[in-house]
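Everything below concerns the one structure shown next.
Side chains are part of it too, since the values below use all heavy atoms of this structure and drop only hydrogens, waters and symmetry mates. Just so you know, ligand 1 is whichever comes first in the structure, and atom 1 is the first atom listed for that ligand.
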Amino acid sequence: MNNTLGFSIDNIDPTADPRQDFYRFAAGRWLDQAVIPDTESQVGGFIGLYRQVNEQILSLLQNAAAHSVTAPHGSVEQQVGDFFAAAMDTERLDALGLTPLQPEFDRIDAITSSADLVSLVAHLLGTSGTPVLLIPYVMADRKQSDLNALGLYPGGLTINSRDVYVTEAYAPVRAALSAHIARMLQLAGTSAEVAAQQAQTILDLETALATAKLTPVEAANPETTYNKLTMAEVQALVPHFDLAAFFAQLKLATVPYLIVSEPRYLQALEALLVERPIEDFKIYLRWRVLNGVSQYLAPAIAEADLDFFEKQLQGKTELLPRAQRVTAQMQKSLGHPVAQLYVKEYFSAQTRLQVTELVDRIKAQFEARLRSNPWLDEPTRAFALNKLAKMVIRVGHPEKWIDFSSVEIRRDDYLGNAMRLNQFDLEHNLVKAGTPVVDDEFAIPGATLPTDINAAYQPAANKIEISAAILQPPFFFPQLELGVNYGAIGAVIAHEMTHGFDSIGRRYDAAGNLTDWWTANDNEEFEAFTAKLVEQYNQYEALPGVFVNGKLTVTENTADLGGVTIAYHALQAALTAASARNPIDGYSPEARFFLAWAQLWMSKTRPEVVQLLIGTDPHPPSEFRVAGPLLNVDEFFTTFNIQPGDALWRDQTDRVVIW
Ligand SMILES: [Zn+2]
């Protein structure tokens, strides 16, 4: 099996016809050989790189743990090393069992009033990091992007998908979830009979909360989730949850207003607080805390929880070794300290330079295309050009790292370490309420940390952060030619740039304010383009009878189309030397560009996971990201000589060109 990450001529199936099935042609040999490992739910370049980065970080953690005893207290090496050592001390964790969690359980047991409940919800945010019922979170006000506003969001659910709780298709998942909750409660000392009853209570409560939530398509509209309300107005939506007391306990500054994402949810919460006995909420909190911190408890408890979330829910047949699981988890909880070690060891200044140059070329091409764009009115064009010019694009890692040195990390206190880090994160965020925005660089765990395999556009800041970890194969190849690199990382970066102008991004101005800067005419044109994309992707069948949701995925599909188009033309501009146009392995730079794009997304995913993601993920399954955008790109048809009558033919009038 070909184990190289990403682009390789050996992945191509030369017996397949690119005009009938381009994915098969571009990746057929790889598809024939690729097997999803027992410990994974997917195989492909992305997950391969994820594993590679994980291994690299694991070696850094092991090294740190070997030296942390003598490292200065509060240093990156001490914190990272001791956290890892505590996590790997399974003997100690076994001996402790549930003991480290007992104080939290005791607090929950002691609740007798709704005031106690509110206090505990605040407490849990900071200790176990369990976002239950309501989440306060500070970020730039979407309509005044230089000011930090306090937002109020629905608490998480055990499975963060509304569909799982409300649609018929997920009835088997709900049954499995209920059984799992009961099993975990038994492990925590509840009798089988009571555990089964409690599981039902928990599921009922979550179903009521989930039902009130916006659907992912509704939630994608930033105007829908921007509800600027005074404290009194918010309190009126949920009178039985004392917000003043809640915020006081969280040491939040008094703010003149809040941004409420889902007022309907608050009303539903109010109804539950009135209807349900306090005992139900205690049962619910106990479960969420147990579930939230199970990974920091004895391995038997941690693995029982993963049995459900990793195996049953995602179809994996084996868990990853503990060290690798801890590595993944540490990248989130000790984000910047771990990333500092990673960048130092694995990211080069040369890569940063090369990618910065590529970014500049793509930006210049996007600008040129905006100038010559045939459908934009002049005012919209001028606004768009200004927005692109002001877009901040960072490569690799922050200039300034977040200082974690005040957090006490001990070699013998795994759960305590995690709790203190949660508390640090919470305070680091909430202290900003009402203050001017100071840009945190590469700071969102799971999205923009330098160790995340991601490039991300943030509309409210009009910025893109391209993490260090993504700047290697299968995304970026320092040793390969322009064609491949523009088809892979080039298209990804252009994809991110166009996010500033997709169905969501176009509602924000150059400074990141939610503003309508579109003429009515342009608005109509844009909607007509995206309606065609919605229709195109609605046809894609991901599993028998399960189709891609064109509306849910329209922003990503618009970005893929813009990304491929802009990167293609940027490549044409970059191919200045005659020699650069020579075929390599028999393929022109253009062919290699499209092949690189296809091979970037080649993958296989377990059906359980496809089923779960199809209702929540704004990206379509990877295989549709290959041909989806290409069928709208004229040069794709000419490069592979696709003609009317070929399976892939799409009439010129059906093709969509937006950017
Ligand atoms: Zn995207």
query = How far apart are the C-alpha atoms of Y537 and Y540, what are their side-chain angles, what is the distance that settles it, and do they pass the ring pair (Phe, Tyr, Trp, His ring centres under 6.0 Å) test?
reply = CA-CA 5 Å; Y537 282 80; Y540 293 142; 5.3 Å; yes
task = Decide yes or no on ring pair (Phe, Tyr, Trp, His ring centres under 6.0 Å) for Y508 and Y457, but give the supporting numbers first.
result = CA-CA 12 Å; Y508 293 83; Y457 177 73; 8.3 Å; no
message = Let's go through L370 and L376 carefully: what are the C-alpha distance in whole Å and the side-chain angles of both, what is the deciding distance for side-chain contact (heavy atoms from CB on, under 4.5 Å) to 0.1 Å, and is it a yes or a no?
response = CA-CA 8 Å; L370 282 175; L376 285 176; 4.0 Å; yes
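Take the Zn ion (ligand 1) as the corner point: the lines to NE2 of H495 and to NE2 of H499 open at 90°, to the nearest 10 degrees.
Among the atoms of E556, an N, O or S atom falls under 2.8 Å of the Zn ion (ligand 1). Among the backbone and side-chain atoms of H619, none of the N, O or S atoms lies under 2.8 Å from the Zn ion (ligand 1).
The aromatic rings of F347 and H397 sit perpendicular to each other, their planes meeting at more than 60°, with 30° as the lower class boundary.
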